[in-house]
Amino acid sequence: MEANNNKHLPPKYDHKSIEADRYGFWLQGNYFEATGDPEKEPFSIVIPPPNVTGRLHLGHAWDTTMQDTVARMKRMQGYDVLWLPGMDHAGIATQAVVEAKLKEEGKSRYDLGREKFIDTVWDWKEEYADFIREQWGKLGLGLDYTRERFTLDEGLSNAVQEVFIKLYEKGFIYRGEYIINWDPSTKTALSDIEVIYEEVEGKFYHMRYPIKGSEETIEIATTRPETMLGDTAVAVHPEDERYKHLIGEKVVLPIVGREIDIVADDYVDMEFGSGAVKITPAHDPNDFDIGNRHNLERVLVMNEDGTMNKNAGKYDGMDRFECRKAIVADLQAEGVLFEIEDHTHQVGHSERSGAVVEPYLSTQWFVNMQPLADRSVELQKTDDKVNFVPNRFEQTYLHWMENIRDWCISRQLWWGHRIPAWYHKETGEVYVGKEAPADSENWEQDTDVLDTWFSSALWPFSTMGWPDEDNEDFKRYFPTDVLVTGYDIIFFWVARMIFQSLEFTDEAPFKDVLIHGLIRDADGQKMSKSLGNGVDPMDVIDKYGADALRYFLLTGSTPGQDLRFHWERVEATWNFNNKIWNASRFVLMNLEGFEYEDIDLTGELSLPDQWILTRLNETIEHVTQNTDKYEFGEAGRYLYNFIWDEFCDWYIEMAKISLYGEDEAQKQTTRSVLAHVLDQTLRMLHPYMPFITEEIWQQLPHEGESITVAAWPQVNPTYQNDTAVAEMDRVMGIIKSVRNIRAEVDTPMSRKVTMMIQTQTDTIAEELEANRLFIERFCNTEALTIGTNIDVPEEAMSAVVTGAELFLPLAGLIDFEKEIARLEKELEKWEKEVNLVQKKLSNEGFVAKAPENVVEAERQKEKDYLEKREMVEKRLAELKK
RNA sequence: GGGGCAUUAGUUCAGCGGGAGAGCGCUUGGUCGACAACCAAGAAGUCAUAGGUUCAAAUCCUAUAUGCCCCACCA
């Protein structure tokens, strides 16, 4: 390779050097800052804030790449784009990680005390925040860091307090003693959706409780025998003939010796088990309700850490599962427990810690969800509804909202927003407000913090200055345009943002919600730490570059579907980048001394020029439309094919004829087309692959500082030329046919021939004549004869294209039998096509009912196929003579 | 128990009313001034099954099968 040829770009695509400094360049140019420019229309997205504890995984990379792609396109389309970054304090998750670290040092949070512990977590937060920002940079995300937020920032904390207090004042937040999901390992309450139910092979324990003052017993069954220590009744159905006579009688609770009532309640299913149920109001939500209806005592038999308490009598201090074993043994010994059956059932586990969740009686804060949910459901019946993409997730969302249950929002943690409630030390009176009442020494603040999702739910507006409704950002960028997130957090986050936003801003927080799936490994397994099958996006970037990773993520699946990670596909994308790189090298090599101002498309355009410009138009239209619809896969693939199959494989190859020719004017036009098409293509590709496109664009003749702020391509009707596309199709058809023939007989001799093309009409002959140079070169033939009536040599191979038949005279090289066989196969093919199309056209229903253009297209096909069949038939007859 | 998604070439996936597509893999041939991580040519699919709607179904509807995922208080 000549040294002067590669002065622009190095000969090999090297993602590392390309991506190394580019992010800094963008940040320095402030291209990602929302300007507030009143001339521009605002467009806003808030990032789903990642947890500060973790490094970003592929799911984050996927999620944020989609946002970046939309944001970058909108920025290029002239919008004032705000993409707001930030992070989530992630209460349980973060506290658990830091506590685990402390444990390694032999310490617990109690050793440090609340304040010191929180300081430690803040240190962690800072460290991970830096990691995360670094990873965002590696991914090339166009975030406006001047507006970065953290859920525990002063402003956001203020918003959280404001919301809590307002909801309390409205009566939408209450405090009470209820059965909640308790995680004994982290010693905190959980909301319903933080509990994951898993099928577990358990046991079903059948017992007989003795009836007081009788020989009779009543059979009950349970999966959690240790809770019998807290039983305060046995319930039967009021209509159950078997037990009617026992209602009002008493049962003597084995081991405990407590006398408890037999009560009647509709809740009991007569068909299930024995039809009698033990009631433990302090350890089961249904039993709690039954307990309320019958005024039953609530006996709590466990401590917060899952050990038994003093109400458990001799089991006091035992772990709950140890106790289960012990109590089973004891009950068996007493003959009370008479059968243990295998039983698979659903057991709740903490989403975060994995511990078996205990239904537990405790005093917590709740949000009364019904009025808030009602409003969210109503919204979807109006024109202002949130548009879910894909739409089916709206059903998922609505179903949850319509069956909403109250939200337990207090958490017994230290890391989070402390609940703004104070209790009077003596009277126990409750005060809710940002500060303690005047006689503050008599009041104590609630020690609990709020569910992390309570603050995330305010994210779209708390990050923009709310509750200050005069804040410029809030006024300009809220509501946001689109939210991008996975289907796994529709309930946790999307739903809650919607109802909080409606309540406090009277608007939905976003117009569109783009929902994506989960990333899986190559075998379709969910990526997880425990399986060890996770792939670090930074490793992928290291190996193949952020552009390759991004393109893979964007084009790897359709909206809402899961995505399997395949290294081979990332590698294939790298190859695509290498292709773009080399095509660009070629273009640059031929643009010596060519400036942006030199781009001039007013000269005489060749057929390939006209064709590629038309195809560019169509590509612009297709890519713009599909990116707007979040169909990144469709848009990305279209660009891929345009670049590789059309621009590289055809246009560049044909451009060489002009570039290596003598005609200076023509050469200048070709350069213009090359520069223009590559420039426009890079712009479209930029939201998908920001690094490589910027790098090349900077080398190309260009106008402006950065492709990030270059104008998005527009369809240019001047260059729309459908005739050129048809002509080019014919030329390409001829070339492909010849290559096909050559594949069978390719020798140096076979090139020294005069190829002949017999056309159906003079028009076609003229058309081909105008492009004879391309045909000659690409067909690798010495000479070419074109005409409507030419002398066809006998010893020739032939092929048909629409409107023409071509011959390659190959005297002495042809195996006639093979050629006849080949043509017979060809004939068979056209025969089949003709039959198919004629069958369609002879169907009266089709002709009468199908749209005009469809019928017309079929007629055209019929004509074409008939012609081709005839040509092949004729040739065959000649050969057979 | 309720709901959703998937089923298309060896494989991973697009296409979602009018002629079955792509990447990878496979076969054959290629060192000619961007790229061998490339070029050219090619093989390969009763579009899960059965019905229905329609002039026309991979595409819409209804069942069935298989796999996956949500939701639900059955002790």
Side-chain angles (χ1 to χ4, degrees), chain A residues 1-2 5-6 9 11-13 179 193 197 204-205 220-224 227 235 267-269 271-280 284-290 345-346 359 390 392-393 395-396 399-400 403 405 487-488 490-491 517-518 520 522 524 526 552 555-558 560-566 568-569 571-590 631 633-634 637 640-641 645 648-649 652-653 656 659-660 735-736 739-744 746 780 833 836-837 840 843-851 853-855 857-858 861 865:
Chain A
M1 206 157 306
E2 295 84 352
N5 269 351
N6 38 13
L9 296 182
K12 271 275 182 270
Y13 165 62
I179 296 281
I193 51 177
Y197 287 90
F204 210 24
Y205 303 90
I220 54 101
T222 182
T223 52
R224 294 186 300 154
T227 62
Y267 163 77
V268 179
D269 181 356
E271 309 297 317
F272 189 81
S274 65
V277 190
K278 64 188 272 301
I279 302 299
T280 322
D284 184 279
N286 298 308
D287 293 7
F288 179 81
D289 290 342
I290 294 171
H345 60 140
Q346 303 279 336
R392 68 183 131 93
F393 290 109
Q395 303 312 314
T396 313
H399 183 258
W400 188 73
N403 297 281
R405 297 167 61 190
Y487 59 63
D488 52 331
I490 292 176
F491 305 145
L518 262 37
R520 298 175 177 279
K526 209 165 146 176
F552 160 73
T555 59
S557 87
T558 34
Q561 289 310 119
D562 290 348
L563 170 64
R564 286 195 199 194
F565 184 85
H566 288 277
E568 308 85 75
R569 292 196 58 177
E571 194 182 329
T573 303
W574 190 97
N575 291 350
F576 177 41
N577 283 354
N578 190 45
K579 190 72 184 177
I580 296 166
W581 187 255
N582 278 293
S584 304
R585 278 183 71 224
F586 172 82
V587 173
L588 285 167
M589 282 176 187
N590 288 286
E631 293 280 357
E634 189 58 32
R637 264 175 255 116
Y640 183 103
N641 292 330
D645 302 343
C648 292
D649 290 347
I652 284 185
E653 292 308 321
K656 285 175 182 172
L659 292 171
Y660 303 150
I735 293 164
K736 283 182 186 172
R739 284 171 176 170
N740 177 297
I741 291 171
R742 277 259 162 68
E744 301 196 11
D746 193 24
N780 230 328
E833 296 289 1
L836 216 73
V837 76
K840 228 177 199 181
N843 180 339
E844 282 171 36
F846 174 75
V847 180
K849 293 188 181 177
N853 59 325
V854 174
V855 178
E858 289 301 315
K861 273 195 251 171
Y865 297 156

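Letters go in sequence order (proteins before strands), and every chain restarts at 1. These values consider heavy atoms only, across backbone and side chains, with no hydrogens, waters or symmetry-generated copies. Fair warning: this is a prediction, and the values are worked out from it, not measured in the lab.
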Query raised in the report: What interatomic distance, in whole Å, is found between P of B/G45 and the corresponding atom of B/C39?
Result: 26 Å
Query raised in the report: Can you tell me how far P of B/A37 sits from OH of A/Y640, to the nearest Å?
Result: 15 Å
Requested in this report: Could you give the distance separating B/G17 and B/G52 at their C1' atoms, to the nearest angstrom?
Outcome: 16 Å
Query raised in the report: What's the CZ-P distance between A/R520 and B/A6, to the nearest Å?
Result: 14 Å
Query - Whole-Å gap separating P (B/G23) and CG (A/N578) - result: 16 Å
**Report entry** Value in whole Å for how far the C1' atom of B/C71 lies from CZ of A/F491
**Finding:** 7 Å
Query raised in the report: Regarding A/K579 and the six-membered ring of A/Y640, is the cationic atom NZ or CZ under 6.0 Å from the ring centre and inside 45° of its axis?
Result: no
**Report entry** Under the salt bridge (Lys or Arg N to Asp or Glu O under 4.0 Å) test, residues paired with A/D289 that sit two or more places apart
**Finding:** none
Query raised in the report: Rounded to the nearest Å, what distance is computed from the CD atom of residue A/E653 to the P atom of nucleotide B/C35?
Result: 11 Å
Requested in this report: Without swapping roles, check the side chain of A/N578 against the backbone of A/W574 for a donor-acceptor pair under 3.5 Å.
Outcome: no
Query raised in the report: Does the A/N740 side chain pair with the main chain of A/K736, one donor and one acceptor, at a distance under 3.5 Å?
Result: no
Report task. Could you pull out all residues at least two apart from A/R392 that satisfy salt bridge (Lys or Arg N to Asp or Glu O under 4.0 Å)? Result -> none
Report task. Enumerate, in order of first residue number, the stems that involve RNA chain B, defined as 3 or more consecutive Watson-Crick or G-U wobble pairs with both distances under 3.5 Å. Result -> B:1-7 with B:65-71, B:10-13 with B:21-24, B:26-30 with B:38-42, B:48-52 with B:60-64
Requested in this report: Could you give the distance separating B/U31 and B/C35 at their P atoms, to the nearest angstrom?
Outcome: 15 Å
Report task. For A/E571 and B/U11, give me the distance from atom CD to atom P, rounded to whole Å. Result -> 21 Å
Taking only nitrogen or oxygen atoms into account, show me every contact under 3.5 Å that the protein makes with nucleotides 51-58 of chain B, one pair per line with its distance.
unit_1	atom_1	unit_2	atom_2	d
B/C55	OP1	A/K849	NZ	2.1
B/C55	O2'	A/N843	ND2	2.5

**Report entry** Atom pair CZ (A/R405) and CH2 (A/W400), whose distance is rounded to the nearest 0.5 Å
**Finding:** 11.0 Å
Query raised in the report: By salt bridge (Lys or Arg N to Asp or Glu O under 4.0 Å), which residues pair with A/E858, not counting sequence neighbours?
Result: A/K840, A/K861
Requested in this report: Would you mind building the protein contact string for nucleotides 40-45 of chain B? One character per nucleotide, 5' to 3', B for base within reach (heavy atoms under 4.0 Å), S for sugar-phosphate only, - for untouched.
Outcome: SSS---
Requested in this report: Answer with base, sugar-phosphate or nothing: what part of the nucleic acid does A/W581 contact at a heavy-atom distance below 4.0 Å?
Outcome: nothing
Requested in this report: Starting at atom NZ of A/K579, determine the distance to atom C1' of B/A34, rounded to an integer number of angstrom.
Outcome: 8 Å
Query raised in the report: Think A/R564 has a side-chain N or O under 4.0 angstrom from the OP1 or OP2 of B/C13?
Result: yes
Query raised in the report: By side-chain hydrogen bond (donor to acceptor under 3.5 Å, both in side chains), which residues pair with A/R224, not counting sequence neighbours?
Result: A/E358
**Report entry** Atom of A/D645, atom of A/D649 and distance for their closest heavy-atom approach
**Finding:** O-CB, 3.4 Å
Query raised in the report: Which value, rounded to the nearest 0.5 Å, describes the distance between A/D562 atom CG and A/L518 atom CG?
Result: 5.0 Å
Requested in this report: Return the value, rounded to whole Å, for the distance between atom CD1 of A/I652 and atom P of B/C35.
Outcome: 11 Å
List every contact pair, protein side and nucleotides 72-75 of chain B side both N or O, where the distance is under 3.5 Å.
unit_1	atom_1	unit_2	atom_2	d
B/C73	OP1	A/R405	NH1	3.2
B/C73	O2'	A/N286	ND2	3.3
B/C73	O2	A/Y267	OH	3.4
B/C73	O2	A/N286	OD1	3.2
B/C73	O2	A/N286	ND2	3.4
B/C74	O2	A/D269	OD2	3.2
B/C74	N3	A/D269	OD2	3.3
B/A75	O2'	A/A221	O	2.9
B/A75	N6	A/D269	O	2.6
B/A75	N6	A/F272	O	2.8
B/A75	N1	A/D269	N	3.3

Requested in this report: With sequence neighbours excluded, tell me which residues meet side-chain hydrogen bond (donor to acceptor under 3.5 Å, both in side chains) with A/Y205.
Outcome: none
**Report entry** Separation of the P atoms in B/G15 and B/G51, to the nearest angstrom
**Finding:** 28 Å
Query raised in the report: Rounding to the closest angstrom, what is the interatomic distance between B/C60 and B/C16 at atom C1'?
Result: 9 Å
Query raised in the report: Taking atom P in both B/A9 and B/G23, what distance in whole Å separates the two?
Result: 16 Å
Mind listing the N/O atom pairs, protein and nucleotides 2-5 of chain B, below 3.5 Å?
unit_1	atom_1	unit_2	atom_2	d
B/C5	O2'	A/Q561	NE2	3.2

Query raised in the report: Does NE2 in A/H399 sit with more than 12 non-hydrogen atoms of other residues, nucleotides or ligands closer than 6.0 Å?
Result: no
Query raised in the report: Expressed in whole Å, how much space separates the P atoms belonging to B/C74 and B/A65?
Result: 24 Å
Query raised in the report: Taking the P atom of each, how far is B/G25 from B/A72, in whole Å?
Result: 46 Å
**Report entry** A/Y197: side-chain hydrogen bond (donor to acceptor under 3.5 Å, both in side chains) partners, not counting sequence neighbours
**Finding:** none
Requested in this report: May I ask you to say what A/I279 touches in the nucleic acid, namely base, sugar-phosphate or nothing, with a heavy-atom cut-off under 4.0 Å?
Outcome: nothing
Query raised in the report: In chain order, what residues pass the salt bridge (Lys or Arg N to Asp or Glu O under 4.0 Å) check against A/R739, with sequence neighbours excluded?
Result: none
Report task. Kindly point out which of B/A36, B/A34, B/G23 is positioned nearest to the side chain of A/K656? Result -> B/A34
